[in-house]
2 protein chains.
Amino acid sequence: MKPYLVNPKLSKTQIKTLESALSLFVEKGFFKTSIPDLVEHSGVSTGSIYHAFKDKQSIAESLMETLLEQINREQQEILANNADSWSRFYELSKWMINTSDRHPQVMRFIFNGQHKEFMPELPPICSSQPFLTLRKVIQQGMDEKVLIKMDLMVAASSSFGGVMRLIQLGLDNMLDDPLPSYLDSITDTCWRSIAQQ
Amino acid sequence: MKPYLVNPKLSKTQIKTLESALSLFVEKGFFKTSIPDLVEHSGVSTGSIYHAFKDKQSIAESLMETLLEQINREQQEILANNADSWSRFYELSKWMINTSDRHPQVMRFIFNGQHKEFMPELPPICSSQPFLTLRKVIQQGMDEKVLIKMDLMVAASSSFGGVMRLIQLGLDNMLDDPLPSYLDSITDTCWRSIAQQ
DNA sequence: GTCTATAGTACGATAGAC
DNA sequence: GTCTATCGTACTATAGAC
């Protein structure tokens, strides 16, 4: 698995720690990953980890923040290259599906419902910028009369929610074929639920 | 919140422990809930808890097993009273939505993606009987030509997946109105994605 | 900024009386 | 079957040399 984290604001130590944290938090979970585990996996010593981060929880918070920023950048690039709401829906779904295929830990960490458990004061993931962006694309479709006018949360659940559900099944190894092979059928199907015919 | 757990096979001590476990595991998470926390919340002593359960993990496993059995019973009753796939889809969705409204801890525990973290050897929730039942209803609709023939996982993600996504948004307090008020619009919308027109 | 060594704590689980 | 008291462990976080 190629590294996914890139952020010039972060030191070498921080990046190494965050990369190990991503692997271990997804593999074993936050609470079952000890600082000694992180030390062994990253090659960074306890002292350096605590020099770079206030405590264990703030490692998770930094990781989340870094991932959300990076995801947001990639989403904005997709929006810049696609104007209508269907293309945006399709390309954003494609990005999520391909990222789940190539960097499953990233999507597993983001989709893991239990962030509140170890980052109590962080707002829920569904109110973060990347999820707002998904809903804005649906709102755009409704404004342009391409989509049936309905409650935004209902429309977003039925469209992107369906795509995300399939991704979660893929991450749980419940699918026979690789996730990207489902791209066209899942986007067609989910879009049909909200499209003006 | 009324008690939800009923199981004649379980002792009074076991029920009290499991009820406290449900509250605390959902509120604070499995790992942040200590045995002393359970003792205080349930009024059952450490010794009695360890007499009734092998260890902390097996409390969570018993809880999951009990909930899944109970959910399965309620689903089977719905199937017995509804024969066609649309009614079954609608009534099963209604049950999930109403249960999320009346017993949010139950659905939060079931939908919490991170069971693997504290119950490593349990199969993923999406392969449990209640989730199989949902997929069987979709398969039935495709067999009866009421639904468009497509990959079962795609169809299930787009239909029940959309409903479950809205439920999760409700559990995260992202909805303006009470979850049950969305029942008709979310079931209509999600069903449209897979229905023969 | 990096390291090793360790302090301090809180927990899971058990022992053993009733 | 229930309880209190406690053992042993493993962890987070810090101290302090380089």
Side-chain angles (χ1 to χ4, degrees), chain A residues 5 7-64 66 114-122, chain B residues 5 7-66 109 114-122:
Chain A
L5 292 166
N7 188 331
K9 286 183 299 187
L10 298 172
S11 69
K12 202 95 182 175
T13 310
Q14 284 173 318
I15 288 285
K16 276 198 284 186
T17 308
L18 291 182
E19 269 167 2
S20 293
L22 178 57
S23 300
L24 293 173
F25 290 173
V26 167
E27 231 172 84
K28 313 171 48 141
F30 177 80
F31 292 101
K32 289 182 107 167
T33 300
S34 66
I35 302 296
D37 288 339
L38 275 169
V39 170
E40 187 184 14
H41 190 278
S42 65
V44 179
S45 70
T46 312
S48 294
I49 289 178
Y50 276 96
H51 179 81
F53 300 96
K54 179 175 145 279
D55 54 18
K56 191 183 165 188
Q57 182 181 316
S58 88
I59 299 174
E61 289 168 354
S62 276
L63 178 57
M64 180 58 89
T66 306
Q114 287 310 97
H115 302 120
K116 200 187 56 186
E117 197 167 330
F118 53 95
M119 298 179 285
E121 60 268 5
L122 242 66
Chain B
L5 292 166
N7 189 330
K9 285 184 300 188
L10 298 173
S11 69
K12 202 95 181 177
T13 311
Q14 284 173 318
I15 289 284
K16 277 198 283 188
T17 308
L18 291 183
E19 269 167 4
S20 292
L22 178 57
S23 300
L24 293 173
F25 290 174
V26 167
E27 231 172 86
K28 312 170 49 140
F30 177 80
F31 292 101
K32 289 182 107 167
T33 300
S34 66
I35 301 296
D37 288 338
L38 275 170
V39 169
E40 187 185 13
H41 190 278
S42 65
V44 178
S45 70
T46 312
S48 294
I49 290 177
Y50 276 97
H51 180 81
F53 301 96
K54 182 172 143 280
D55 54 19
K56 189 183 167 188
Q57 183 181 316
S58 88
I59 299 174
E61 289 167 355
S62 275
L63 178 58
M64 180 59 91
E65 195 192 330
T66 304
F109 186 75
Q114 285 311 96
H115 302 121
K116 201 186 57 189
E117 196 167 330
F118 53 93
M119 299 180 283
E121 60 269 4
L122 242 67

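Protein chains get the first letters and strands the later ones, always in sequence-line order, with residue 1 at the start of each. Just so we're clear, the structure is a prediction, and the values are computed from it rather than from any experiment.
OP1 and OP2 of dG1(D) both lie 4.0 Å or more from every side-chain N or O belonging to Thr13(B).
Interatomic distance, CD1 of Ile35(B) versus CG of Leu38(B), reported as 5.5 Å (0.5 Å rounding). Atom CD of Gln114(A) and atom CZ of Phe118(B) lie 8.0 Å apart (nearest 0.5 Å). Note: Phe53(B) CZ to Gln14(B) CD = 4.5 Å, rounded to the nearest 0.5 Å. To the nearest 0.5 angstrom, Ser20(A) atom OG is 11.0 Å from Ile15(A) atom CD1. For the atom pair CG of Leu22(B) and CD1 of Ile59(B), the computed distance is 12.5 Å after rounding to the nearest 0.5 Å.
Within the 3.5 Å criterion, the main-chain N or O of Phe30(A) finds a donor-acceptor partner in the side chain of Lys56(A). With hydrogens and angles ignored, the 3.5 Å screen pairs a side-chain donor or acceptor of Ser58(A) with a backbone N or O of Asp55(A).
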Run Thr66(A) and Leu63(A) through side chain to side chain contact (heavy atoms under 4.5 Å, CB included) and show every step you take. CA-CA 5 Å; Thr66(A) 306; Leu63(A) 178 57; 5.6 Å; no
Criterion side chain to side chain contact (heavy atoms under 4.5 Å, CB included) on Glu117(B) and Phe31(A), from CA distance to verdict: CA-CA 9 Å; Glu117(B) 196 167 330; Phe31(A) 292 101; 4.1 Å; yes
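Lys12(B) has its NZ atom 16 Å from the C1' atom of dT2(D), to the nearest Å. As a whole-Å value, the separation of Gln14(B) CD from dG1(D) C1' is 12 Å.
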Please tabulate, one pair per line, all N/O donor-acceptor pairs under 3.5 Å involving side-chain atoms of residues 43-50 of chain A, not counting sequence neighbours.
residue  : atom : partner  : partner atom : Å
Ser45(A) : OG   : Ser48(A) : N            : 3.3
Ser45(A) : OG   : Ser48(A) : OG           : 3.3

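Residues from residues 48-65 of chain B lying near DNA chain D, meaning a heavy-atom separation below 4.0 Å, are Ser48(B), His51(B) in numerical order. Contact check of residues 27-42 of chain A against DNA chain D (heavy atom, cut-off under 4.0 Å) returns Thr33(A), Ser34(A), Ile35(A), Pro36(A).
Note on the helix from dG1(C)-dC18(D) to dC18(C)-dG1(D): terminal axis deviation equals 0°, with five pairs used at each end and the result rounded to 10°.
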What does the list of N/O pairs under 3.5 Å between the protein and nucleotides 15-18 of chain C look like, with a distance for each?
none

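Within the 6.0 Å centre-distance limit, the rings of His115(B) and Phe109(B) are counted as a close aromatic pair.
Of all non-hydrogen atoms in Leu24(A) and Thr33(A), the two that sit nearest each other are O-OG1, 3.2 Å.
Sorted by first then second residue, the salt bridge (Lys or Arg N to Asp or Glu O under 4.0 Å) pairs that include residues 12-41 of chain A, not counting sequence neighbours, are Lys28(A)-Asp37(A).
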